[in-house]
Amino acid sequence: MQATVHESKQSIMQRILTVFVFTLLIATVGLFIGQFVPVALMLPLSILEVAMIILAFWMRRRKAVGYAFVYTFAFVSGITLFPIVSHYASIAGAYVVLEAFGSTFVIFAVLGTIGAKMKKDLSFLWSFLLVAVLALAVVGIFNIFSPLNSAAMMAYSVIGTIVFSLYILYDLNQIKHRHITEDLIPVMALSLYLDFINLFINLLRFFGILSSDD
């Protein structure tokens, strides 16, 4: 019986990771398309992206989030990611983008593996991580109207990197310890995608500021 449960959890984990990888591929297509999207459309698309995140986690409590929804979100987020990637590539060089992506991949792989194999349930981290993300969001909104200086933005990026690294550890750990049904696979993959993309953005900002200061 225990072996069957273990195999079931392994199967669910593999399917979540498969959907996660597919969302990254779709986001990459969106990133490529982003270079052809008019700048005037980026704000509406960003608002749509935020609305879709809120809707996804509201729907999670009431009914399943579909694969089409997750893939559409990934495509839109890829488009809105283009101006950020383009900005730091122009001021610090394309290698900074590769450095940030490579670092994100390594952190995700290492912490994800640790979280998935850890016997301790990390559910106690949920409230801390939620408060941390809300605080980052508030600072991010403040930065739109009153831009932070380089030192403050560097600190913001470091904190963001730590928070989303912990989220990777937490989410993979919860996939192991919680009972994940098939209808939750898309939203769990979406959570991992958000962890990855936000970690990437914070690392890109960190390396970009570091290189531009040099």
Side-chain angles (χ1 to χ4, degrees), residues 1-31 53 56-57 60 64-65 67 70-71 73-74 77-78 81 84-85 95-133 136 156-207 210:
M1 181 65 178
Q2 288 184 342
T4 303
V5 172
H6 177 71
E7 289 174 4
S8 177
K9 281 187 173 291
Q10 285 292 99
S11 175
I12 291 292
M13 177 75 79
Q14 290 172 3
R15 291 176 63 184
I16 290 172
L17 290 175
T18 298
V19 176
F20 160 70
V21 170
F22 199 56
T23 60
L24 286 180
L25 292 176
I26 292 174
T28 302
V29 174
L31 181 64
I53 293 175
F57 289 97
R60 179 181 178 179
V65 174
Y67 290 93
V70 173
Y71 297 148
F73 174 83
S77 71
L81 186 61
I84 303 171
V85 172
Y95 76 93
V96 168
V97 178
L98 296 176
E99 186 178 19
F101 182 82
S103 300
T104 303
F105 181 82
V106 170
I107 292 172
F108 186 93
V110 172
L111 292 182
T113 301
I114 293 172
K117 293 184 178 298
M118 189 178 291
K119 293 182 179 180
K120 183 176 179 59
D121 187 345
L122 299 179
S123 57
F124 66 90
L125 287 176
W126 182 82
S127 56
F128 164 75
L129 291 173
L130 179 62
V131 171
V133 165
L136 288 171
Y156 178 75
S157 300
V158 170
I159 294 171
T161 297
I162 294 171
V163 169
F164 288 106
S165 294
L166 288 174
Y167 251 119
I168 291 169
L169 187 71
Y170 170 81
D171 280 337
L172 268 298
N173 178 264
Q174 291 305 287
I175 293 172
K176 174 182 179 177
H177 288 280
R178 288 178 53 199
H179 175 61
I180 306 295
T181 55
E182 289 196 13
D183 61 332
L184 287 176
I185 290 175
V187 77
M188 296 307 296
L190 177 60
S191 294
L192 294 180
Y193 172 77
L194 289 171
D195 296 343
F196 187 95
I197 290 299
N198 281 290
L199 177 60
F200 169 69
I201 291 172
N202 279 283
L203 285 172
L204 179 61
R205 188 186 299 119
F206 175 81
F207 289 132
L210 203 62

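Numbering of residues begins at 1 and proceeds along the displayed sequence.
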- Please report the C-alpha distance between Ile162 and Ile159 in whole Å, then the side-chain angles of each, then the deciding distance to 0.1 Å, and finally whether the side chain to side chain contact (heavy atoms under 4.5 Å, CB included) criterion is met. CA-CA 5 Å; Ile162 294 171; Ile159 294 171; 5.6 Å; no
- Task: Determine, step by step, whether Tyr67 and Ile185 satisfy the side chain to side chain contact (heavy atoms under 4.5 Å, CB included) criterion, reporting the C-alpha distance in whole Å, the side-chain angles of both residues, the deciding distance to 0.1 Å, and the verdict.
- Result: CA-CA 9 Å; Tyr67 290 93; Ile185 290 175; 3.7 Å; yes
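Proximity of Leu184 to Val187: side-chain heavy atoms (C-beta onward) are separated by under 4.5 Å at one or more points. Using a 4.5 Å heavy-atom threshold, the side chains of Phe206 and Val96 count as separate. Under the 4.5 Å side-chain criterion, counting only non-hydrogen atoms from C-beta, Val19 is not in contact with Tyr193. Inter-residue side-chain proximity for Glu182 and Ile12 is flagged as met; some heavy-atom pair is nearer than 4.5 Å. No side-chain heavy atom of Leu190 sits less than 4.5 Å from a side-chain heavy atom of Thr23. When side chains are defined from C-beta on, Leu172 counts as touching Leu192, because their heavy atoms get closer than 4.5 Å. Side-chain contact check for Lys117 versus Asn173: every heavy-atom pair is 4.5 Å or farther apart.
Within a 6.0 Å sphere centred on OH of Tyr95, heavy atoms belonging to other residues, nucleotides or ligands number more than 12.
The structure places CZ of Arg15 at 14.0 Å from CD of Gln10, a figure rounded to the nearest 0.5 Å. Distance NE2/His177 to NZ/Lys120: 9.5 Å, rounded to 0.5 Å. Going from atom CD1 of Ile26 over to atom OH of Tyr71 covers 6.0 Å, rounded to the nearest 0.5 Å. Distance check, rounded to the nearest 0.5 Å: OG1 of Thr161 to CG of Asn198 gives 10.0 Å. A distance of 5.0 Å separates CZ of Phe73 from CG of Leu194, quoted to the nearest 0.5 Å. A distance of 10.0 Å separates CG in Asp121 from CZ in Arg178, rounded to the nearest 0.5 Å.
Taking both residues in full, the closest heavy atoms of Lys176 and Ala116 are given as CD-O, 2.8 Å, listed atom of the first, atom of the second, then distance. Across all their heavy atoms, Leu31 and Leu81 have their closest contact at CD1-C, 3.9 Å. The minimum heavy-atom distance linking Pro186 with Val70 is given by the pair O-CG2, 3.6 Å. Among all heavy-atom pairs drawn from Ser103 and Phe207, the shortest one is OG-CE1, 3.7 Å. Nearest heavy atom pair, residue Ser157 against residue Arg205, reads OG-CD, 2.9 Å.
Of the residues Asn202, Leu199, Leu203, the one that meets the side chain to side chain contact (heavy atoms under 4.5 Å, CB included) test with Ser165 is Leu199. Phe200 pairs with exactly one of Ile107, Val85, Leu24 by the side chain to side chain contact (heavy atoms under 4.5 Å, CB included) rule, that one being Val85.
A distance-only check finds a donor-acceptor pair linking the side chain of Tyr156 to the backbone of Leu136 [under 3.5 Å].
For Tyr170 and Phe128, the distance between ring centers is not under 6.0 angstrom. Between Phe101 and Phe196, the ring center distance clears the sub-6.0 Å criterion.
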